[in-house]
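The next block holds one structure in the form of structure tokens; read it before the comments.
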Amino acid sequence: MKIKNFDAIVLNKKDNVATSIKLLKENSKIILKIEKKLFNFLLKDNINLCHKFSLKLIKRGEKIIKYGEVIGVATVDIKKGRHVHIQNIKSLRG
């Protein structure tokens, strides 16, 4: 069985959020997989398993993109490395 050597993944190069594949601690340096490449990334918040975090500054009103699709809109500015969830986005799905 192959052991994962990364902590979070970007599912589409258009995405402005990444998804954690394990519990991640605030202010930690993680390894982020984008396509077949690995990058170092600094988190600003605790991130639960399968939760999202911002890859860049996402301005209030800007679309949240995951899977290459718009899934919501930022209700506040979300700084790079911050948790992206119901506290700062309005869902456009379902």
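Residues: numbered from 1 along the sequence shown.
Going from atom CD of Glu69 over to atom CD1 of Ile64 covers 14.5 Å, rounded to the nearest 0.5 Å. Residue Ile78 holds its CD1 atom at 12.0 Å from NZ of Lys59, rounded to the nearest 0.5 Å. Atoms CG and CD, on Asp77 and Glu62 in that order, are 9.0 Å from each other to the nearest 0.5 Å. Taking OG1 of Thr19 as the start and NZ of Lys66 as the end, the distance is 3.5 Å to the nearest 0.5 Å. Rounding to the nearest 0.5 angstrom, the gap separating the CG atom in Leu32 from the OG atom in Ser20 is 11.0 Å. Between the CG atom in Leu43 and the OG atom in Ser54 there is a gap of 9.0 Å [rounded to 0.5 Å].
Both Phe53 and Ile34 are part of a single hydrophobic cluster, where members link through side-chain heavy atoms under 4.5 Å apart.
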For Tyr67 and Val17, what are the C-alpha separation, side-chain angles and deciding distance, and is it a side chain to side chain contact (heavy atoms under 4.5 Å, CB included)? CA-CA 9 Å; Tyr67 318 118; Val17 295; over 6 Å; no
Chi angles and distances behind the side chain to side chain contact (heavy atoms under 4.5 Å, CB included) call for Lys80, Leu57: CA-CA 5 Å; Lys80 181 178 178 179; Leu57 172 63; 5.6 Å; no
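Residues Leu92 and Val70 are in side-chain contact: their nearest non-hydrogen atoms beyond the backbone lie under 4.5 Å apart.
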Got a list of side-chain donor-acceptor pairs under 3.5 Å for residues 35-42, not counting sequence neighbours?
none

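Salt-bridge formation is detected for the pair Arg82/Asp45: a Lys NZ or Arg NE/NH1/NH2 atom is positioned less than 4.0 Å from an Asp or Glu carboxylate oxygen.
Taking each heavy atom of Ala18 and Leu55 in turn, the nearest pair found is CB-CD2, 3.7 Å. Asn46 and Lys25 get closest at one heavy-atom pair: OD1-CA, 3.3 Å. The two residues Ile30 and Ala8 come nearest to each other via the heavy atoms CD1-CB, 4.1 Å. In plain terms, the two heavy atoms of Ile58 and Ala74 that are nearest each other are CG2-CB, 3.9 Å.
With respect to Asp7, the side-chain contact (heavy atoms from CB on, under 4.5 Å) criterion is satisfied by exactly one of Ile47, Leu23, Ile31: Ile31.
Gln87 meets the side-chain contact (heavy atoms from CB on, under 4.5 Å) test with His83, His85; sequence neighbours excluded.
Judged purely by atom type and a 3.5 angstrom limit, Asn16 uses its side chain to pair as donor or acceptor with the backbone of Ile65.
Remark: Lys56 NZ is packed, more than 12 non-hydrogen atoms of other residues, nucleotides or ligands lying under 6.0 Å away. For Leu49, the CG atom counts as densely surrounded, since its 6.0 Å shell holds more than 12 non-hydrogen atoms of other residues, nucleotides or ligands.
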